[in-house]
Structure formats: structure tokens, C-alpha cells
Amino acid sequence: MNNTPLLSAVDLLKTFRVSGQNHSSRTLTALDLVTLHLSAGETLGIAGESGCGKSTLAKVMAGLLVPDAGSVLYNGTLLSQLEQNDKITFRRKTQMIFQDPFSSLNPRMRIGDSISEPLKIAGIPSLQQREEVSRIMAAVGLPGDAVNRFPDEFSGGQRQRIGIARALAAYPDILIADEPVSSLDISIQAQIINILLQMKIEFKLSMMIVSHNLLVLRHICDRIIIMYLGAVVECGPASELFNRCRHPYTEALLASIPGLNPASTPKVELLRDDLPSALSIPPGCRFHTRCRHAVELCRREVPKTIEYASGHTAACHLSGSLYG
Ligand code: SF4
């Protein structure tokens with residue numbers, strides 16, 4: 001049995017230079033030693049506040065950004081060592097959909113042409129292209145006459161369906177979605193989530209979904225990774241993370257969801273202060289400036305990542321004593 005993950009990352013580091021005053025520049029750490037894997041057929045959620053590195057992680061995993069250090073592996077092979085043909089295969093097999101699908105569509109291109117582009121590149125004959133486009137459009141709930149229309153004639157929800165259809169036309173193994181529903185109305189969100197779930201089965205996809213909305217991730221994901229200031233602080237099966245989290249940051253995120261679990265509504269504020277800047281990450285445990293449990297050790301020593309249950313890890317000095 002092959003246990004090699006479909007897509008994995010080891011110790012990813014990604015920084016950006018940011019212009020400061022007087023022509024100075026500073027380093028923003030977007031990803032700091034991030035390790036993860038996506039198994040075949042799995043849906044993995046990536047959660048955390050804005051600015052925690054989720055979108056950067058999605059782009060690095062999709063091969064759209066190159067990490068400063070660390071590795072991304074596709075089927076066990078380093079992306080950096082893929083032969084040219086395998087690189088092309090990886091790009092086709094790993095598709096990304098974005099929060100704003102409009103930005104990834106050519107406004108002057110008819111929808112049918114946009115969706116058929118990957119088929120054209122793959123050398124599929126025209127007649128078959130048209131048949132495939134019709135089939136995929138029907139699968140994502142787009143009307144047949146949409147082929148001859150332009151992106152600005154569609155609503156936000158329809159544009160996201162177009163983005164999904166375009167990604168599916170490449171017949172990917174992996175779909176990486178960056179906040180796919182966050183700009184949509186609640187009722188439309190549910191429709192798009194259901195389409196993703198259906199397409200996962202129909203196209204035998206593995207998915208990585210980036211979202212700040214933990215309820216969306218609980219609904220759609222097998223496992224969830226919680227990120228804080230560029231690092232993974234907890235990772236575990238979705239149901240276990242909701243029922244028995246192992247990190248104070250996850251606990252705070254769950255407690256902030258209105259009506260999730262009224263019985264456990266905290267009597268004290270679980271998140272102190274604002275999110276620090278990724279330009280100056282606190283030493284020791286990076287969460288210590290906001291953690292109500294922080295002790296001296298937390299301020300000076302980076303906590304190790306420990307597996308507390310099968311596939312459930314957390315990086316907190318006090319996780320064992322806080323959560324049993
Ligand atoms: Fe809080 Fe300390 Fe755990 Fe960090 S290591 S989450 S500061 S208790």
C-alpha cells in the first residue's frame with residue numbers, strides 16, 4: 001500500500017521584503033517552518049486570522065510561489081526536482097480557485113473559451129472540447145447559454161462556479177481553494193460548498209481549503225490545520241478539533257463563533273490584545289502576547305509540536321495540563 005502523501009510540505013519558510021520609512025526595508029515572515037501533508041482523497045482545511053499566512057501557504061503548495069527554504073513534494077518528488085514534463089503535469093493536476101474568481105478570468109474572453117482553455121492546451125479536439133465544457137458547466141450548475149457570455153454578466157456566485165468549472169476542465173487531482181466563499185452571501189456560500197463536495201466525489205479530488213470560517217471547514221474537511229503568525233499551532237481531525245482542541249488559540253477561535261457551544265461560553269476574554277505584526281513575531285511561543293495561560297517559559301522557549309492523539313498535534317507548552 002502506498003502511503004506517500006499526494007502533496008506535502010516540509011519546513012516551509014517564506015518571507016517578503018516590505019518597504020519601510022527612509023528607503024529601509026523589513027522582512028515579513030509569512031511562513032515559518034510549516035510542515036503538512038495532503039493524502040489522496042482527503043480534504044484539508046487551513047484556518048486562522050487574516051495575515052496568518054494561509055493564502056501564502058496555498059500559493060506555495062500550488063507552485064505559484066517559491067519558498068525561501070523547505071520543500072514541497074508532489075507524490076513524494078520534490079517540486080524543484082520534477083522533470084519539465086512532470087512540472088507541466090503538476091501544474092495541470094494542481095488547480096487553484098480564488099476568493100475573487102473575476103480576477104482570474106479574462107474579461108474579454110467568453111466563458112466557454114475560458115473554461116475550454118485547459119482542454120485546448122491538452123490538445124483535445126474541438127468537438128470534444130465543446131462536449132466537455134457543456135458537461136462541466138452542467139455539473140457546476142451553470143446554464144448552457146453561459147458559454148457565449150462574458151465574466152461581467154455574472155453574479156459573484158456564478159463567477160465562482162465558472163472558476164470551479166475552469167479548474168475542473170484541467171482534470172486535476174488536487175483543488176486548492178483560497179477563501180472560495182468568503183465574498184458571497186450566506187445562501188450562495190452553501191451552494192458553492194455543496195458543489196465543491198459533489199465535485200470532490202465526481203472528479204475524485206483531494207482538496208485544500210483555506211478559510212477564516214471554521215464552521216465552513218468543519219462541514220467540508222477531514223482535517224483542519226490552525227495557523228498563527230505563519231506557523232502551524234494545531235492540526236487534527238475536524239471533529240476532534242471542535243470537540244477537544246489542544247491549543248489556547250484554537251480554543252479562542254472556537255469560542256468566538258457565535259452560538260457554537262453556548263454551554264462553554266467563556267466568562268473571560270480568550271484573546272488578549274490585537275494580532276502582532278508578522279514583521280516582528282514575538283519570541284518564544286508566538287501566541288504568548290495574547291494567551292491568557294502564558295507563563296515565563298512561554299516568553300522564552302518555542303513550544304515543540306507534540307502528537308496528543310492519532311493525527312492530532314499541538315504546539316503549546318501547557319497543552320497536556322490544560323486539555324488533559
Ligand atoms: Fe499559551 Fe504558553 Fe501554550 Fe503559547 S505555549 S499557547 S503562550 S500556554
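Index from 1, following the sequence. As the structure is a computational prediction, the values presented were derived from the model and not from experiment. When a ligand or atom number is given, it counts from 1 through the structure's own listing order.
- The only option from S183, S182, S211 that meets the side-chain hydrogen bond (donor to acceptor under 3.5 Å, both in side chains) definition with Q99 turns out to be S182.
- Considering only heavy atoms from C-beta on, E240 stays 4.5 Å or farther from R246 through its side chain.
- Atom CG of D274 sits in a sparse spot, with 12 or fewer heavy atoms from other residues, nucleotides or ligands closer than 6.0 Å.
- Partners of D173 according to the side chain to side chain donor-acceptor pair (under 3.5 Å) rule, which considers only residues two or more places apart in sequence or in another chain, are Y74.
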Compile the donor-acceptor pairs under 3.5 Å between side chains in residues 83-94 and protein atoms, sequence neighbours left out, one pair per line.
unit_1	atom_1	unit_2	atom_2	d
T89	OG1	N85	O	3.0
R92	NH1	A170	O	2.9
T94	OG1	F90	O	3.2

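- The set of protein atoms (N, O or S) found at less than 2.8 Å from atom 1 (Fe) of ligand 1 reads C291 SG, by chain and number.
- Contacts classified as salt bridge (Lys or Arg N to Asp or Glu O under 4.0 Å) and involving residues 4-27 (residues at least two apart or in different chains) are given here: K14-D68.
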